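Please read these numbers as outputs of a predicted model, since none were measured by experiment.
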Amino acid sequence: MQQVDLVGVVVDLLGLEDALDRVTQRALATQEHGSEVRPLSVVSANLDHIAQFGRLGRWYDTLDYSLGMPNVSCAVQHGSNSDDWLVLLDGAPLVAEATRLTGKTWPRLAGSDIIGPLLDRAETEGLSVGFLGGSYVVQRVLSRSVTRTRPSLKVSGYWAPDRKELIDHEASLRLADSIRSARTQILVVGLGKPRQELWMAKYGPTTGANVLLAFGAVVDFLAGSIQRAPSWASENGLEWAWRLALEPRRLARRYLVDDPPSLLRLRRESRLITSNSLNPPSENEFVAAALDGSTSETLSELDRSPLARCFSPHGQQVDVTVLAVTFNNADTIEELIATLRAETEALSLRVVVADNGSSDSTLELLAQHPDVITVRTGGNLGYAGGLNTVMHLARGCEAVLVLNPDLMVQPQAISLLLDRMRRSGAGIVVPQLLESDGSTYISLRREPSIFTAIGDALCGARFTGRPSWASELDYDAESYQHPHRIDWATGAALLINGSLAQRLGAWDEQFFLYSEEVDYFRRAREGGESIWYEPAARMTHHMGGSGASTALSALMAVNRIRYVRKYHTKNYASAFRSAVLLAEGLRAFKPNRRGIFKTILDESSWGELPRPSVVPQNQDALADFPSGTIIIPAHNEESVIARTLHHLAVLAASGSVQVIVACNGCTDRTASIASSFPGVKVIEVEEASKVAALNAADEVATRWPRVYLDADIEMSPTAVKMVLDRLTHSGALAARPAFEYDDSRASALVRAFYRARRRIPSTSQALWGAGVYGLSKEGHAKFGAFPTLTADDLFVDQQFETWEKVVLNTPPVRVVTPRTVASLSAILQRNYRGQTEFTENAKKLPQSVPVPTAFLGSGDIGSRRTTRELLGSVRGPGSAFDAAIYAFFVASARLKQKRLSAKIAIPVWERDVSSRS
């Protein structure tokens, strides 16, 4: 039997008699050795079928008919054999393409064409036929018509369920049982596409029918409620126009919107399947595989040992590592752990909890479970930050399960998710989420766009039947009944392939809370991975993880904008922001939405939204502190060194990290002040050189990774921990924490300069500019000793490709800005001298020495990009004024630096004295 792949739909090429023989033989099959006959599901593939189940269709891969079995987990779950699928050629465009590919003319086998001959055979062979679909009235008319025209046909029954029954699992099981009780051998299913195929895939084996025919409107044709197209229309490929004229309201979208893209792709994405390119496993082989090896542990109930309900320790190979982030979850964490323990009867689990500074009894409750690995993050780092803190503990497993702490895992849910991942090859699988009352939680989402944002702004949760392009949420009840590919889903629960988790690396910490999962799903899709929804796996979501407040609601709206800005152009993001403003403006009258509109409008207030925060360190937290070294070069810093060391004092005193202050050419009390802090090691370098101090400290330091911190920068222990953790466990070679400018005591013009600088995205994406950066041992080895350059942070930044360095969303380090215009000008001159030195130094490198791609073609690092970003930041008179001040300071500093460099052979280290007073 020849087959063709038409835009991802594998079609069997048969003549009419061959197709009738296949169906009749299966319908006549009897039980052998006590096993039921495998049901044959027959589909007529037309353009609508390709639009629904083809490569770009919503239900692509849901029916794995190319392998002779549907990709539906319930087939194994309910203990029934999977369906075989026979996909027939229907529709003039598909017939023409199959003819082109094979060089042979094939007949069109629409359901309406073969139902007559098939009923004739059923009548002759004494086969029982049932009819499912259509309205009650249509079924009554059909009953009278069949009785009159086919008096010898054995009819097992007529079923006319409404849509509520079809999307209700228990009602569908009762319907299937009724069909089984009637001893139906052939079931004609006319529920419409894609509902009929999905229902057959999920409940077909339960009906007991030998053959199921997905024949759409055949029930209506047989009853005479819909007039068939005349022969001239069918012969000339115009049956679609005839049906559109009869039912324009129902069929306009299908024929005029959904089908044309499939028609355009048909010739470009179709191929002939050779005999050796498709070698499906037998049904017995599939069942054996599903019930053997690791899968048998997934789907069977085994009494493994008295320790079956214990979680595995770190370092041991496991099936699944569960990661959860807690923040005051004492009311739900016990239930989550209890339901996870029940899952260990079938799977080996490692459970890791990152606690974001809980102040209730969460930690005390976790302490009662010694087999749960609990890591204190040292603060509220947000969801992404908490996950990144413990992600390194997820190595050595097949999959990583990220769970909210307010979930209850229903029996076998994790096994079913893992089974779906194994059989579909999905990168990420999500379960069905239920509300506390048992109702389905609307968790499936579409990729955010301007149109979905406008649709949600105008309609909210009303008019849920609106087109998919007008809503980010998927309200379609059928979507929650059947497994299929999705864009993304609420991040309360997601099973990630272990190798994919390692490839994707860290979650984006710019999203403190909300939108981090949208970003993660998108990165997975862009990496070629599929995302699947598995409704057989269920978890109850109590919705208590994050709490609710106006600030969090505002953060959710702002992070949606941040996400779109990350992946789209400035104009697109601006339009999306307008749609979000529209949504909040229309709902500003609600008490819980007041103030959100103003927050979105005023970007300067975004920094006041919830963000990473620090909690006091205690000895328990320090016991798990990562090893490393903090190196602080200092030249006459007596006014600020105590302020900097105050934040690191507990780390130095406990010996958790090495803290080295490298005094270079100091003539003040810097060394004595630093020495007064227990655990701080002070070295003195005669030369007043920052680079000399860095190299001297590197020689005496013994631990890796290392954080290089300017003496006037304040860095919290939590930020230190996050940087050291990331450099130790993630494979990153260089990292720096987030930073914030403190310009509270600066002059008006200086504040205008830094307001503009905050709006330039590139200033927050590089290693330079924060006064601190970290290096792993491998990262430092890329260049060895620090060269004699003014801009050491710029030099370090340019040694690494984008994927080798990371900017972490830590509690921000505090960068005190210059207070006066003169001090700001001096600092800018030093910065631009450093850029010039770096440029000249790179030009002198021999051709054999590789120059990082970030440097190539840049005579003045980032100047063109900065100019574009500065102009793009202008959104009104205020931001325009700030941008003008920024441009003036930059231009003045550049010109002055050029003049000074031409006159002075030995540069002077410009210093900001104003912020140190």
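The backbone N or O of A492 sits nowhere less than 3.5 Å from a side-chain atom of T490 that would complete a donor-acceptor pair. Under a 3.5 Å cut-off, the side chain of N497 and the backbone N or O of M421 do not form any donor-acceptor pair. Judged by distance alone, with hydrogens and angles left aside, the side-chain atoms of R466 form a donor-acceptor pair with the main-chain N or O of F463 at under 3.5 Å. Not a single donor-acceptor pair under 3.5 Å links the side chain of E435 to the backbone N or O of H542. Side chain of E197 to backbone of V43: no donor-acceptor contact under 3.5 angstrom is found. With hydrogens and angles ignored, the 3.5 Å screen pairs no side-chain donor or acceptor of R271 with any backbone N or O of V4.
Judged by the 6.0 Å distance and 45° axis criteria, R522 is positioned over the aromatic ring of Y567.
For K598, the side chain to side chain contact (heavy atoms under 4.5 Å, CB included) test picks out no residue, with sequence neighbours left out. W488 is linked by a ring-ring contact (aromatic ring centres under 6.0 Å, His included) to nothing, counting only residues two or more places apart in sequence or in another chain. Annotation: side chain to side chain contact (heavy atoms under 4.5 Å, CB included) contacts of Y480 (sequence neighbours excluded): Q432, T440, I442, S443, L444, D474, Y533. Checked against side chain to side chain contact (heavy atoms under 4.5 Å, CB included), A477 has the following partners two or more places apart in sequence or in another chain: I167.
Taking all atoms of both residues into account, the shortest heavy-atom contact from D487 to F521 is O-CB, 3.9 Å. Among all heavy-atom pairs drawn from F576 and A453, the shortest one is CE1-CB, 3.6 Å. Of all non-hydrogen atoms in P431 and A493, the two that sit nearest each other are CD-O, 3.4 Å. For the residue pair T332 and P405, the shortest heavy atom distance occurs at OG1-O, 3.0 Å. When all heavy atoms of A98 and L89 are compared, the closest pair comes out as CB-CD2, 3.8 Å.
By the 30° and 60° cut-offs, the orientation of the rings of F451 relative to W469 is perpendicular. Ring geometry for Y563 against F511 counts as tilted: the plane angle lies between 30° and 60°, on a 0 to 90° scale.
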Anything under 3.5 Å between a donor and an acceptor, one on a side chain of residues 581-588, the other on a protein residue two or more places apart or in another chain? List them.
| from | atom 1 | to | atom 2 | distance (Å) |
| --- | --- | --- | --- | --- |
| E584 | OE1 | R593 | NE | 3.1 |
| E584 | OE1 | R593 | NH2 | 3.2 |
| E584 | OE2 | R593 | NH2 | 3.0 |
| R587 | NH1 | A457 | O | 2.9 |
| R587 | NH1 | A583 | O | 2.9 |
| R587 | NH2 | D456 | O | 3.3 |
| R587 | NH2 | A457 | O | 2.9 |

Inset, instruction - Show your working on side-chain contact (heavy atoms from CB on, under 4.5 Å) between T62 and W532 and close with a plain yes or no. - result: CA-CA 10 Å; T62 301; W532 275 79; 4.3 Å; yes
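The stretch residues 568-577 participates, sequence neighbours left out, in no side-chain hydrogen bond (donor to acceptor under 3.5 Å, both in side chains) pair at all.
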